[in-house]
2 protein chains.
Amino acid sequence: MRFDDRKKRILSAIVETYIRTGEPVGSKTLSEFPEISVSPATVRNEMAALFEMGLLEQPHTSAGRVPSHLGYRAYIDSLMRTKPLTEDEKDGIDALFNISDPDPDKLLADCAETLAEYTGCATVAMTTTPSYVTVEHIDIVPADATTVVLLVIASNGVVKSKVCRLGFRVNTGIADFFRKFAKDRFCGHTLKEISAEFVNAVSIQLGEYSGVFNPLIVGIYELCKEVYDGQYYLGGQEKLLTYNEYSDRALEIMKLISKREKLGPVIGNNPSGVTVFIGKENSLSQLSGSSLLVARFSIGENDCGTIGLIGPVRMDYSRLIPHLEYFAEKLGTLLSITYQRKTGDDNG
Amino acid sequence: MRFDDRKKRILSAIVETYIRTGEPVGSKTLSEFPEISVSPATVRNEMAALFEMGLLEQPHTSAGRVPSHLGYRAYIDSLMRTKPLTEDEKDGIDALFNISDPDPDKLLADCAETLAEYTGCATVAMTTTPSYVTVEHIDIVPADATTVVLLVIASNGVVKSKVCRLGFRVNTGIADFFRKFAKDRFCGHTLKEISAEFVNAVSIQLGEYSGVFNPLIVGIYELCKEVYDGQYYLGGQEKLLTYNEYSDRALEIMKLISKREKLGPVIGNNPSGVTVFIGKENSLSQLSGSSLLVARFSIGENDCGTIGLIGPVRMDYSRLIPHLEYFAEKLGTLLSITYQRKTGDDNG
DNA sequence: TGTTGGCACTCATAAGAGTTGAGTGCTAAG
DNA sequence: CTTAGCACTCAACTCTTATGAGTGCCAACA
């Protein structure tokens with residue numbers, strides 16, 4: 001059986017109409033489409049053929065047809081016309097970003113929230129740190145009699161700080177001693193290496209002082225871990241409630257996606273560009289009724305994270321794919337500006 | 001009509017049974033309670049009286065009775081026997097806290113999440129900063145050629161730091177100059193004073209350098225604002241979905257409570273101890289079907305925030321009130337340890 | 001050979017009728 | 001004051017019937 005042009009037009013019309021209305025599409029409706037214009041009976045013959053080919057499904061005998069996962073796949077891979085963003089839309093998105101906090105931690109959280117607002121889907125934003133990234137610099141700054149600020153700078157330019165309260169007074173001697181000790185032990189090591197065991201070993205080297213300095217060592221460990229683990233933000237989880245596809249499963253899905261260890265592996269290892277998982281195509285059984293759109297973003301050449309959309313299989317791919325693409329690109333650009341480390345020139 | 005002892009027992013039984021089952025309570029059920037043991041007809045007479053007094057409602061003629069808001073109020077204020085936490089329960093909660101991050105920012109977020117898990121309600125945790133709190137100390141630490149860490153210490157002991165990336169190289173001279181400038185201008189002022197206008201005025205004093213140093217000034221402003229605004233964390237919003245009371249309003253409620261400017265004023269000005277808002281008693285019309293339990297927590301003598309539960313009016317007050325009380329107390333204790341500033345003695 | 005009108009068939013959905021049962025209010029007797 | 005008895009109410013359930021959107025298949029037509 002040939003997948004000829006008319007079959008393609010009919011499949012496209014079914015997918016697009018179903019996405020729009022959520023109702024199974026019947027032969028009469030389709031026959032009235034200008035790009036089809038044949039009688040309902042003919043459409044029925046074609047639909048029977050598309051059903052044979054596994055591209056359509058039928059909820060029950062006397063209902064219209066609905067795209068199968070294979071049907072969506074064929075539509076997305078070769079039939080769909082994506083609608084590129086208009087300049088106005090781009091400007092709208094840019095404006096949303098301009099007001100957001102330039103702090104990279106918050107940037108990602110804001111991006112997840114904004115993307116959710118813009119697309120009506122639940123979103124996820126995640127960063128990953130390459131395993132070759134090392135600790136470049138460690139500092140300890142006394143803030144107050146018994147409080148210090150710990151500072152870790154990684155070789156990829158990420159800087160994290162943490163307030164650390166101690167049970168004793170910190171004078172410059174103590175600070176200098178610990179600063180040197182920490183630099184010697186941590187700098188140059190990859191973040192990946194700095195495990196709980198590594199930290200234990202370091203702590204032991206402090207001998208009788210290990211108990212005293214332990215909060216600081218742990219603080220450094222936590223900062224390193226924070227940098228290495230990267231971030232994981234969700235946005236607009238409540239959007240799932242607006243789709244009746246999720247009527248009673250919404251809670252389960254919300255719990256699932258809130259766990260990085262579950263969703264991370266699925267969305268974290270994809271090629272650049274937008275990857276689409278339709279229904280069962282992803283490996284999480286609970287998400288078999290959902291589609292995932294994921295896009296990687298990068299700082300310059302360095303791939304550094306993923307943003308994704310989670311919604312019902314019946315989502316408007318042709319609109320959402322270009323949007324997600326633009327968000328990922330924009331996010332990369334903004335992060336690049338933040339992490340531009342070698343600007344060099346003095347302005348003041 | 002006297003609100004005699006038997007009426008009280010009947011009202012208590014109705015409230016408790018309705019909270020447990022969610023179904024209107026009938027005279028036959030009640031007559032079988034050992035503490036009532038009169039015939040259904042007698043119970044009906046009493047119920048008619050309680051209805052007259054406005055303490056009960058009837059969903060429809062042939063249904064049992066349900067407590068009115070006034071009925072809940074009477075129950076909570078004078079009839080309810082709260083169930084104090086067992087030592088085991090306390091230990092369980094303590095254990096949950098012990099594993100949590102001692103960083104006060106995270107402590108509050110964890111507390112909200114844990115409390116939600118423990119109670120099955122949506123939760124909110126919020127800190128407030130008294131208006132007399134001032135900026136005590138400001139520092140700027142060069143981290144990297146073009147990156148510095150800003151540090152603000154407030155007089156209530158809160159320390160916040162922020163990584164700030166600049167478009168120019170920072171040498172010690174620049175850092176020293178700016179440190180002195182910022183200390184002179186900000187230290188001693190209350191956080192409340194440090195508004196956008198205040199910051200503009202400060203910026204102008206930098207004259208031709210104001211453009212260059214602006215990111216730093218803004219950074220300080222943001223840190224001060226962050227300290228002054230305090231925190232606002234939600235936990236277990238998805239718990240609302242498990243109550244059929246919220247079948248389709250859950251989304252609306254979730255959106256509402258996510259806005260501090262909406263919920264903050266309602267829960268922020270209550271006396272110490274646990275305050276209960278039953279249904280319409282709070283000023284937000286969207287929350288008329290919900291009850292709020294709020295408790296203040298404090299560091300030593302200083303009141304510093306609120307934690308609260310949001311759930312259906314039909315919630316188990318006798319269990320939840322002591323739990324919330326204990327969480328608030330625990331939170332205060334843990335924060336006190338973190339913010340214990342004058343420990344003084346050297347341990348090392 | 002592809003297209004179309006006609007027709008019998010299917011089946012989800014909605015509407016109506018009847019039944020059930022939990023619960024009430026009222027009354028009169030204990 | 002308490003209680004048994006009784007008629008009444010009404011949501012919820014079941015059963016039946018009607019409706020209509022949509023199908024598959026066949027025969028006729030271009």
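A note on names: the letters A, B, ... follow the listed sequences, proteins ahead of strands, and every chain is numbered from 1.
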A.B. asks: Using a strict heavy-atom distance below 4.0 Å, which residues from residues 33-47 of chain A are in contact with DNA chain D?
C.D. replies: Arg44(A), Met47(A)

A.B. asks: What is the distance from atom NZ of Lys255(B) to atom CG of Leu241(A), rounded to the nearest 0.5 Å?
C.D. replies: 10.0 Å

A.B. asks: Expressed as a whole number of angstroms, how long is the span from Ile10(A):CD1 to dT3(C):P?
C.D. replies: 10 Å

A.B. asks: Give every residue pair that meets the salt bridge (charged side-chain N to carboxylate O under 4.0 Å, His left out) criterion with at least one member in residues 22-35 of chain B, sequence neighbours excluded.
C.D. replies: Lys28(B)-Glu32(B)

A.B. asks: Tell me which pairs pass side-chain hydrogen bond (donor to acceptor under 3.5 Å, both in side chains) where either residue lies in residues 263-280 of chain B, with sequence neighbours left out.
C.D. replies: none

A.B. asks: Passes side-chain contact (heavy atoms from CB on, under 4.5 Å), Val38(A) versus Ser31(A)? Steps please.
C.D. replies: CA-CA 6 Å; Val38(A) 285; Ser31(A) 74; 5.7 Å; no

A.B. asks: Give every donor-acceptor pair under 3.5 Å between a side-chain atom in residues 282-292 of chain B and any protein atom, sequence neighbours left out.
C.D. replies:
residue: Asn282(B); atom: OD1; partner: Leu284(B); partner atom: N; Å: 2.8
residue: Asn282(B); atom: ND2; partner: Gly279(B); partner atom: O; Å: 3.1
residue: Asn282(B); atom: ND2; partner: Leu287(B); partner atom: O; Å: 3.4
residue: Ser288(B); atom: OG; partner: Ser285(B); partner atom: O; Å: 3.1
residue: Ser290(B); atom: OG; partner: Tyr246(B); partner atom: OH; Å: 2.5
residue: Ser291(B); atom: OG; partner: Tyr317(B); partner atom: OH; Å: 2.7

A.B. asks: Can you measure Asp4(A) atom CG to dT1(C) atom C1' for me and round it to whole angstrom units?
C.D. replies: 14 Å

A.B. asks: Pick one: which of Leu256(A), Ile310(A), Val294(A) meets side-chain contact (heavy atoms from CB on, under 4.5 Å) with Leu263(A)?
C.D. replies: Ile310(A)

A.B. asks: Mind checking side chain to side chain donor-acceptor pair (under 3.5 Å) for Tyr232(A) and listing every partner two or more places apart, or none if nothing turns up?
C.D. replies: none

A.B. asks: Could you list all N or O pairs between the protein and nucleotides 16-21 of chain D that sit under 3.5 Å apart?
C.D. replies:
none

A.B. asks: Identify whether the distance between the nearest side-chain nitrogen and carboxylate oxygen of Asp4(B) and Lys8(B) falls below 4.0 Å.
C.D. replies: no

A.B. asks: If I take atom CD1 in residue Ile14(B) and atom P in nucleotide dG23(C), what distance separates them, rounded to the nearest angstrom?
C.D. replies: 12 Å

A.B. asks: Got a sec: does the CZ of Arg260(A) have more than 12 other heavy atoms crowding it under 6.0 Å?
C.D. replies: yes

A.B. asks: Would you please name every residue forming a side chain to side chain donor-acceptor pair (under 3.5 Å) with Thr21(A), sequence neighbours left out?
C.D. replies: none

A.B. asks: Output the rounded distance in Å from CZ (Phe51(B)) to P (dG23(C)).
C.D. replies: 17 Å

A.B. asks: Name every residue in residues 20-28 of chain A that has at least one heavy atom under 4.0 Å from any atom of DNA chain D, in order of residue number, or write none if there are no such residues.
C.D. replies: Gly26(A), Ser27(A)

A.B. asks: What pairs of residues pass the side-chain hydrogen bond (donor to acceptor under 3.5 Å, both in side chains) test when at least one of them lies in residues 234-244 of chain A, not counting sequence neighbours?
C.D. replies: Glu117(A)-Lys239(A)

A.B. asks: Answer yes or no: does a side-chain N or O of Arg65(A) lie under 4.0 Å from OP1 or OP2 of dT23(D)?
C.D. replies: yes

A.B. asks: Show every side-chain hydrogen bond (donor to acceptor under 3.5 Å, both in side chains) that has at least one partner inside residues 65-84 of chain B, sequence neighbours left out.
C.D. replies: Glu16(B)-Tyr75(B), Arg73(B)-Asp77(B), Arg73(B)-Glu281(B), Lys83(B)-Ser318(B)

A.B. asks: Going by the rule side chain to side chain donor-acceptor pair (under 3.5 Å), which residues pair with Arg6(A) if we only count those two or more places apart in sequence or in a different chain?
C.D. replies: Glu46(A)

A.B. asks: Give me the residues of residues 54-61 of chain A where at least one heavy atom lies under 4.0 Å from an atom of DNA chain C, by number, or none.
C.D. replies: His60(A), Thr61(A)

